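One-based numbering, in listed order, for ligands and for the atoms of each. Just so it is clear, the structure is predicted and the values come from calculations on it, not from any experiment.
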Amino acid sequence: MKVVRVQHVSVNCHGRLDATRRFYTELFELPELPRPEIPGVDGSWLGLGDVQLHLVDAAQSGNLPDPVAPHWCLWVADIDAARTELESAGIDYIEGAQGDVVQIWISDPNGQVVELQQAR
Ligand SMILES: [Fe+2]
């Protein structure tokens with residue numbers, strides 16, 4: 001599948017959002033960005049050049065792929081083609097939508113979660 005860029009990196013900071021936000025905003029001087037309301041998931045989005053750093057304050061399920069687990073997110077050229085490719089390869093995925101993007105989460109052979117995104 002065609003990957004365009006890294007869209008965001010996501011850190012799980014369940015129960016430690018304020019300390020984590022201070023860590024990244026003060027040590028690295030990252031600005032806070034607007035964040036859409038995500039039911040049941042607190043957090044902060046920070047700017048990192050053209051990439052975002054997402055701080056996610058939610059309990060992880062322990063199942064893979066878990067959207068609130070630590071992950072990196074790749075912007076793909078064609079998410080429908082990506083989904084077809086995942087199905088052909090027999091890779092399990094879950095889907096979501098948030099604001100103006102559609103999302104797919106998978107996990108690599110190490111249990112590292114990878115998110116794919118494209119505009120609606
Ligand atoms: Fe994400």
Side-chain angles (χ1 to χ4, degrees):
M1 71 185 69
K2 173 76 172 162
V3 173
V4 178
R5 61 187 170 89
V6 175
Q7 201 280 335
H8 66 263
V9 174
S10 186
V11 171
N12 184 287
C13 60
H14 185 45
R16 296 177 300 277
L17 177 59
D18 288 342
T20 308
R21 182 170 34 221
R22 275 197 308 277
F23 179 85
Y24 285 104
T25 58
E26 292 177 7
L27 185 60
F28 301 116
E29 302 177 36
L30 304 183
E32 289 204 61
L33 301 174
R35 177 181 182 270
E37 188 65 31
I38 304 173
V41 180
D42 201 3
S44 278
W45 288 4
L46 308 179
L48 197 59
D50 293 335
V51 178
Q52 296 176 356
L53 176 64
H54 292 181
L55 309 180
V56 174
D57 183 354
Q60 298 183 59
S61 69
N63 301 319
L64 290 174
D66 182 352
V68 303
H71 62 268
W72 59 313
C73 176
L74 304 175
W75 191 269
V76 296
D78 184 338
I79 203 151
D80 293 325
R83 185 185 303 100
T84 299
E85 193 167 331
L86 293 173
E87 288 172 358
S88 295
I91 297 172
D92 291 335
Y93 64 89
I94 58 174
E95 294 186 86
Q98 181 185 100
D100 56 358
V101 299
V102 287
Q103 304 154 290
I104 290 176
W105 291 272
I106 61 175
S107 58
D108 79 7
N110 310 291
Q112 172 64 52
V113 174
V114 182
E115 179 181 354
L116 310 175
Q117 272 193 10
Q118 190 192 22
R120 271 190 213 271

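With respect to Glu95 and Arg83, a salt bridge is recorded, a charged nitrogen being found less than 4.0 Å from a carboxylate O.
Not one N, O or S atom of His54 sits under 2.8 Å from the Fe ion (ligand 1). For the Fe ion (ligand 1), the N/O/S atoms of Cys73 include none lying under 2.8 Å.
Of all the N, O or S atoms in Glu115, the one closest to the Fe ion (ligand 1) is OE1.
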**OP:** Might you work through the side-chain contact (heavy atoms from CB on, under 4.5 Å) test for Val41 and Val68, ending with a clear yes or no?
**Re:** CA-CA 8 Å; Val41 180; Val68 303; 4.2 Å; yes
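Aromatic ring centres of His71 and His54 lie farther apart than the 6.0 Å criterion allows.
Between Pro67 and Ile94 the shortest side-chain heavy-atom distance falls below 4.5 Å.
To the nearest 10 degrees, the angle centred on the Fe ion (ligand 1) between NE2 in His71 and NE2 in His8 reads 100°.
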